[in-house]
J.: 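Let me begin by handing over the structure; questions about it come next.
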Amino acid sequence: MIDAIFHFPTDGTPKDCVQIKSGHINHTYLITTDTGVRYILQWINQFVFPHVDKLMHNMSAISEYLRAQGEGSSAMIRYIDTLDGQSYYNDGQGGAWRIYRFVDNSICLQHPETTEDFCECGRAFGAFQYALRDFPVGQLEETIVDFHNTVDRYRQLREAVRENRASRLDEVGEEIAFLLEREERACQLHRMREAGLLPLRATHNDTKINNVLFHDVTRKAICVIDLDTVMPGLSAFDFGDAIRFGASTAAEDEPDLRKVRLDLELYRAFAHGFCEQCPSLTEEELRALPLGAFTMCLECGMRFLTDYLNGDVYFAVDRPKQNLDRARTQFKLVQEIERCWDSLTSIIREETGV
Ligand code: GN1
Ligand code: MG
């Protein structure tokens, strides 16, 4: 049993502990007590999130706000304070831990099993964004500075190329050329954000389908989870990141690129659910959604490639070259988006009238 759990009040004595292997940053465990109550225990990676207090501040600001709005607003899990009243447990050895009660009847999908699942995922993230439409974004701490600043991500790539810490540069010439050719377009949303051409929203920033809890019987979304990266951002990022992960026909680290395609029916299903539940999106925001998909695939691929060059220090890997495979699937998706561009824009038009 992991000692950290004993620093929280639990119903019964912790008995079983199983690690849940999803996510590349934090570690997650399912704990069951002798009275059959289940908890999710998480170890927060402080290399990635050095300011755990900022992150927990955002959680409580958002949950208080949503609760005050009452019924109809997006549901949220509740973290449980430690026995001495802290929002997380500091184990004194660099580890920060937190828990919440497992949500009964909930399941987590690694991939949409039907288009309806993905439409429902869109509804969940759309509703989340809509519930926070008037949230004062200035109250949010930036848990990771410059998280979706694509200009800065290019700077980090160039630094990794210069330093070539893991001596892997020779392998990735083609990938680097691919990124440099697309730099201007990849940075377009960031520049529009800086110029104030798109509204700054409280965005989730990690909208993979496995960050939505579904009801195991009804398949309706219960709530969105993993709010560590909720920060001021663009709606197109949330839309695009969900498409990046959920509308791909293959796993994020699939080595056989022939299997990686963009599924337009899934794209449409997500767009339908997202826009239906987030009627506050402006016309400019709706028009920016396809560019959000392009930007998120490219940026995420660039982050995987940068980490590969740095020696896999950020994203957890369980085999060699996994980060390179991840980068390549993202670049294949970028090519798919370029190839299907007209369909992507007309689907948004058909779904929203814009
Ligand atoms: C990371 O750990 P996970 O899977 O929730 C990453 C996201 C990436 C994602 C790629 C804080 O999220 O930004 O899109 O991997 N989170 C952080 O799968 O960097
Ligand atoms: Mg996550």
Side-chain angles (χ1 to χ4, degrees), residues 5 8 10-11 16-33 36-44 55-56 58-60 62-67 69-80 88 97-132 202-230 238-239 241-247 251-252 266 269-270 272-274 276-278:
I5 189 69
F8 293 90
T10 52
D11 185 327
D16 279 339
C17 173
V18 182
Q19 184 165 10
I20 298 176
K21 279 272 185 188
S22 89
H24 309 326
I25 308 287
N26 296 331
H27 298 173
T28 305
Y29 305 87
L30 176 66
I31 306 272
T32 310
T33 69
V37 180
R38 289 176 292 175
Y39 294 90
I40 295 290
L41 170 70
Q42 271 187 315
W43 172 84
I44 306 168
L55 184 146
M56 296 312 283
N58 283 358
M59 303 294 150
S60 57
I62 295 162
S63 65
E64 270 164 37
Y65 182 84
L66 293 178
R67 228 166 277 148
Q69 286 194 338
E71 238 182 292
S73 68
S74 215
M76 215 185 123
I77 48 161
R78 278 178 198 225
Y79 288 100
I80 299 169
Y88 65 94
W97 300 82
R98 63 184 176 196
I99 71 166
Y100 60 90
R101 238 177 124 128
F102 180 82
V103 180
D104 287 330
N105 291 103
S106 69
I107 51 168
C108 191
L109 302 175
Q110 294 309 318
H111 269 288
E113 284 162 16
T114 62
T115 47
E116 182 51 31
D117 282 345
F118 204 39
C119 181
E120 189 59 19
C121 173
R123 290 193 185 104
F125 284 118
F128 180 77
Q129 183 140 144
Y130 186 66
L132 293 175
T203 46
H204 182 282
N205 293 309
D206 187 9
T207 49
K208 300 199 276 196
I209 190 170
N210 61 15
N211 282 331
V212 175
L213 296 184
F214 287 80
H215 192 282
D216 58 354
V217 179
T218 66
R219 300 293 270 217
K220 293 286 171 207
I222 302 172
C223 62
V224 309
I225 56 172
D226 192 359
L227 306 187
D228 299 334
T229 48
V230 173
D238 275 4
F239 176 84
D241 197 42
I243 297 300
R244 174 189 82 70
F245 192 80
E252 198 181 49
L266 287 173
F270 187 90
H272 183 88
F274 188 77
E276 169 199 282
Q277 290 299 311
C278 196

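Note that this is a predicted model, so its numbers are computed, not measured.
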J.: Would you give the length of the straight line joining atom CG of Asn211 to atom OG of Ser22, rounded to the nearest 0.5 angstrom?
T.: 7.5 Å

J.: Can you tell me if Asn210 and Gln110 form a side-chain donor-acceptor pair at under 3.5 Å?
T.: yes

J.: Can you tell me how far CD of Glu116 sits from NE2 of His272, rounded to the nearest 0.5 angstrom?
T.: 8.5 Å

J.: With the side chain counted from C-beta on, respond yes when Phe125 and Asp238 share a heavy-atom pair under 4.5 Å apart, and no when they do not.
T.: no

J.: Quick check: do Arg67 and Arg78 have side-chain heavy atoms less than 4.5 Å from each other?
T.: yes

J.: Minimum heavy-atom separation for Val230 to Asn58, with atom names?
T.: O-ND2, 3.3 Å

J.: With sequence neighbours left out, what residues match Thr33 under side-chain hydrogen bond (donor to acceptor under 3.5 Å, both in side chains)?
T.: Thr35

J.: Indicate the atoms forming the closest heavy-atom contact of Ala242 with Phe270, along with that distance.
T.: CB-CZ, 3.2 Å

J.: In Å, rounded to the nearest 0.5 Å, how long is the span from SG of Cys223 to CZ of Phe214?
T.: 11.0 Å

J.: Which heavy atom of Asp241 sits nearest a heavy atom of Asp206, and at what distance?
T.: OD2-CA, 3.5 Å

J.: Of all the heavy-atom pairs spanning Tyr100 and Gln42, show the shortest one and how long it is.
T.: CE2-OE1, 4.4 Å

J.: Atom SG in Cys108, atom CD1 in Ile225: separation rounded to 0.5 Å?
T.: 5.0 Å

J.: Does the side chain of Ile77 reach to within under 4.5 Å of the side chain of Val103, using non-hydrogen atoms?
T.: yes

J.: If you define the side chain from C-beta out and look only at heavy atoms, does anything of His24 sit under 4.5 Å from Glu252?
T.: yes

J.: Please determine, by modelled atom types, if Gln277 and Arg123 share a side-chain donor-acceptor pair under 3.5 angstrom.
T.: no

J.: Once side-chain hydrogen bond (donor to acceptor under 3.5 Å, both in side chains) is applied, do any residues pair with Asp16, and if so which ones, sequence neighbours excluded?
T.: none

J.: I'd like to know whether Thr114 forms a side chain to side chain contact (heavy atoms under 4.5 Å, CB included) with Asp117, so could you lay out the CA-CA distance, the side-chain angles of the two residues, the decisive distance to 0.1 Å, and finally the verdict.
T.: CA-CA 5 Å; Thr114 62; Asp117 282 345; 3.4 Å; yes

J.: For a 4.5 angstrom cut-off between non-hydrogen side-chain atoms, does Thr115 reach Leu266?
T.: yes

J.: Grab the two heavy atoms, one from Phe8 and one from Ile99, that are nearest each other, plus how far apart they are.
T.: CB-CD1, 3.5 Å

J.: Go through the structure and list residues passing side-chain hydrogen bond (donor to acceptor under 3.5 Å, both in side chains) with Thr203, not counting sequence neighbours.
T.: Asn205

J.: Measure centre to centre between the rings of Tyr79 and Tyr88, then say whether the value is under 6.0 Å.
T.: no

J.: Kindly determine whether Leu55 and Arg98 satisfy side chain to side chain contact (heavy atoms under 4.5 Å, CB included), including the steps that lead there.
T.: CA-CA 12 Å; Leu55 184 146; Arg98 63 184 176 196; 3.2 Å; yes

J.: At what distance, to the nearest 0.5 angstrom, does CZ of Phe245 lie from CZ of Phe118?
T.: 9.5 Å

J.: State which residues pass side-chain hydrogen bond (donor to acceptor under 3.5 Å, both in side chains) with Glu113; sequence neighbours excluded, sorted by chain then number.
T.: Arg219

J.: Report yes if some heavy atom in the side chain of Tyr39 is under 4.5 Å from a heavy atom in the side chain of Ile80; otherwise report no.
T.: yes

J.: Can Ile107 and Leu213 be said to form a side chain to side chain contact (heavy atoms under 4.5 Å, CB included), step by step?
T.: CA-CA 6 Å; Ile107 51 168; Leu213 296 184; over 6 Å; no

J.: Where does the angle between the aromatic ring planes of His204 and Phe128 fall among parallel (under 30°), tilted (30 to 60°) and perpendicular (over 60°)?
T.: perpendicular

J.: Assess the residue pair Leu66 and Leu132 against the criterion (side chain to side chain contact (heavy atoms under 4.5 Å, CB included)); give the C-alpha distance rounded to whole Å, side-chain angles, the decisive distance to 0.1 Å, and a yes or no.
T.: CA-CA 8 Å; Leu66 293 178; Leu132 293 175; 3.9 Å; yes

J.: Between Tyr29 and His27, what is the ring plane arrangement, given parallel below 30°, perpendicular above 60°, and tilted in between?
T.: perpendicular

J.: Once rounded to the nearest 0.5 Å, what's the spacing between atom NZ of Lys208 and atom SG of Cys121?
T.: 12.0 Å

J.: State which residues pass side chain to side chain contact (heavy atoms under 4.5 Å, CB included) with Ala124; sequence neighbours excluded, sorted by chain then number.
T.: Val212, Ala221, Val224

J.: Not counting sequence neighbours, which residues clear side chain to side chain contact (heavy atoms under 4.5 Å, CB included) with Leu30? List them please.
T.: Ile20, Arg38, Ile40, Phe102

J.: What heavy-atom pair brings Gln129 and Ala202 nearest, and what distance separates the two atoms?
T.: NE2-O, 4.3 Å

J.: In terms of side-chain heavy atoms, does Asn26 have a donor or acceptor partner in Asp226 at a distance below 3.5 Å?
T.: no

